[in-house]
Protein chains: 2
Amino acid sequence: MAKMQKEYNLSKNQQIVFDIIEKSSEPVKAYSILFNVKKKGIKAPPQVYRALEKLIKLGKIHKVESKNAFVACKSSNCEISKATAFSICEICEKVTEIANNKLSNFLNSFEDKSGMKYKKYNLEFFGLCKKCKKT
Amino acid sequence: MAKMQKEYNLSKNQQIVFDIIEKSSEPVKAYSILFNVKKKGIKAPPQVYRALEKLIKLGKIHKVESKNAFVACKSSNCEISKATAFSICEICEKVTEIANNKLSNFLNSFEDKSGMKYKKYNLEFFGLCKKCKKT
DNA sequence: CTTTCAAATGTTATATTATTACATAGTGTT
DNA sequence: AACACTATGTAATAATATAACATTTGAAAG
Ligand SMILES: [Zn+2]
Ligand SMILES: [Zn+2]
Ligand SMILES: [Zn+2]
Ligand SMILES: [Zn+2]
């Protein structure tokens with residue numbers, strides 16, 4: 001029953017870029033991707049950035065704004081990639097996508113006096129991870 | 001009783017950069033600042049980026065990560081600049097700092113199973129502002 | 001099968017954002 | 001004065017991202 005999710009019809013470049021991000025244990029930068037795919041025939045920034053843009057639209061990856069880096073979506077709840085939350089360790093820089101219903105419910109239903117209706121959000125928490133707290 | 005907050009001892013460059021950001025009704029980009037302060041003797045990027053860095057540390061300004069732009073702090077609650085929330089209109093790009101106790105209380109006390117203690121966060125909401133909703 | 005249209009690709013050049021490195025100058029304290 | 005600390009000035013370059021245009025691919029319709 002695991003991995004029932006269909007692997008969608010990614011194009012060649014999209015699949016190459018996605019594979020790199022998915023395999024990485026940490027956020028990947030665009031030019032690091034570019035460097036790593038030179039051997040596969042992708043030679044120029046636009047090819048990478050286009051794939052990234054599409055993958056974001058599909059919700060397969062997210063951009064970690066404070067790091068200008070990209071991670072594969074782990075929560076599969078944000079298929080449309082419109083509600084993302086991350087925890088970021090300030091020492092080891094580990095980034096983890098937060099999947100927490102209480103949090104997402106709260107934020108998805110948040111309204112303030114401005115009269116603005118929020119369709120989308122990005123939240124980045126900073127602190128010390130368990131490991132780094134010990135030191 | 002308004003504006004009791006002391007105007008701190010900003011250095012010359014810090015004050016120049018801060019004035020520009022504070023006077024602007026929208027987020028200001030670093031190189032836009034640079035362009036605007038050429039006449040005041042600030043000539044190179046590091047001078048601007050250093051001032052920005054210090055102003056962020058002081059909590060006088062915030063960086064809007066999704067836009068690589070800077071806004072003056074309006075809430076005066078985030079002196080230490082460790083908890084910021086913005087609403088961003090996807091059409092007119094208007095950015096507003098959100099000061100909402102329910103939101104900040106919720107986020108400041110948020111904990112998840114990861115065992116990570118969060119000291120700081122940045123939240124960016126996207127949607128349509130009142131004006132743009134009408135069109 | 002051919003026409004068609006949208007999506008994806010390839011390529012060159014350039015724009016935008018940010019930092020490194022090193023030299024110099026001001027400021028307050030002992 | 002000697003010291004430490006913060007801020008400044010300057011040149012060069014690194015890192016991130018987009019513009020513009022030509023070409024190819026792939027699915028859908030006729
Ligand atoms: Zn996700
Ligand atoms: Zn850590
Ligand atoms: Zn603020
Ligand atoms: Zn608007």
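Every chain is numbered from 1 and lettered A, B, ... according to where its sequence line falls, protein lines coming before strand lines. Predicted model, so just to flag it, every value in this text is computed and none were measured.
- Here C:dT17 presents its C1' atom at 14 Å from CD of A:E65, a figure rounded to the nearest Å.
- An OP1 or OP2 oxygen of C:dA18 is reached within less than 4.0 angstrom by a side-chain nitrogen or oxygen of B:Y49.
- Atom NZ in B:K63 sits about 8 Å away from atom C1' in C:dT17, given to the nearest Å.
- A donor atom on one side chain and an acceptor atom on the other are found under 3.5 Å apart for B:E124 and B:N122.
- Annotation: of the two residues near DNA chain C, A:K54 and A:P46, the 5′-most nearest-nucleotide partner is A:K54.
- Here the side chain of B:N68 is nearest to one of C:dA18, C:dC22, D:dT18, namely C:dA18.
- Atom-to-atom, CD1 of A:I33 to C1' of D:dT16 comes out at 12 Å; the value is rounded to the nearest Å.
- We find that CG of A:L34 is positioned 13 Å from P of C:dT11, with the value rounded to whole Å.
- Applying the 4.0 Å criterion to OP1 and OP2 of D:dA17, one finds that B:K29 has every side-chain N and O outside that range.
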Stepwise ring-ring contact (aromatic ring centres under 6.0 Å, His included) test for A:F125 and A:F86
CA-CA 6 Å; A:F125 276 114; A:F86 300 98; over 10 Å; no
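- Nearest-nucleotide positions on DNA chain D place B:I42 closer to the 5' end than the other of B:I42 and B:P45.
- Note on A:K120 versus B:E90: salt bridge recorded, some NZ/NE/NH1/NH2 to OD/OE distance being below 4.0 Å.
- Phosphate contact (OP1/OP2 of C:dT16, side-chain N/O of B:K67, threshold under 4.0 Å): absent.
- Distances shown here put a side-chain N or O of A:S11 below 4.0 Å from the OP1 or OP2 atom of C:dT9.
- Between B:Q47 and D:dA7 there is no side-chain polar atom (N or O) within less than 4.0 angstrom of OP1 or OP2.
- Sequence order on DNA chain C of the closest nucleotides to A:A44 and A:K12 puts A:K12 first from the 5' end.
- Distances shown here put a side-chain N or O of A:N13 below 4.0 Å from the OP1 or OP2 atom of C:dG10.
- Contact annotation: B:K43 reaches the phosphate of D:dT10 (side-chain N/O to OP1 or OP2, under 4.0 Å).
- If you measure from atom NZ of A:K38 to atom P of C:dT11, you get 12 Å, rounded to the nearest angstrom.
- Proximity note for A:Q14 (side chain, C-beta onward) versus C:dT9, D:dT18, C:dT12: the nearest is C:dT9.
- Between the CZ atom of B:F35 and the P atom of C:dT17 there is a distance of 14 Å, given to the nearest Å.
- By the 5.5 Å and 30° criteria, B:Y31 is stacked with the base of C:dT17.
- Here D:dT8 presents its C1' atom at 15 Å from CG of B:L52, a figure rounded to the nearest Å.
- Counting all heavy atoms, side chain and backbone alike, B:L34 lies closest to B:I42 at CD1-O, 4.1 Å.
- In terms of modelled atom types and a separation under 3.5 Å, the side chain of B:Q47 and the main chain of B:A44 share a donor-acceptor contact.
- For the residue pair B:S11 / B:N13, no side-chain donor-acceptor distance below 3.5 Å is found, with atom types taken as modelled.
- Atom P of nucleotide D:dA7 and atom CD of B:E53 are separated by 10 Å, given to the nearest angstrom.
- Comparing D:dA20, C:dA21, C:dA18 by their nearest atom to the side chain of A:R50 picks out D:dA20.
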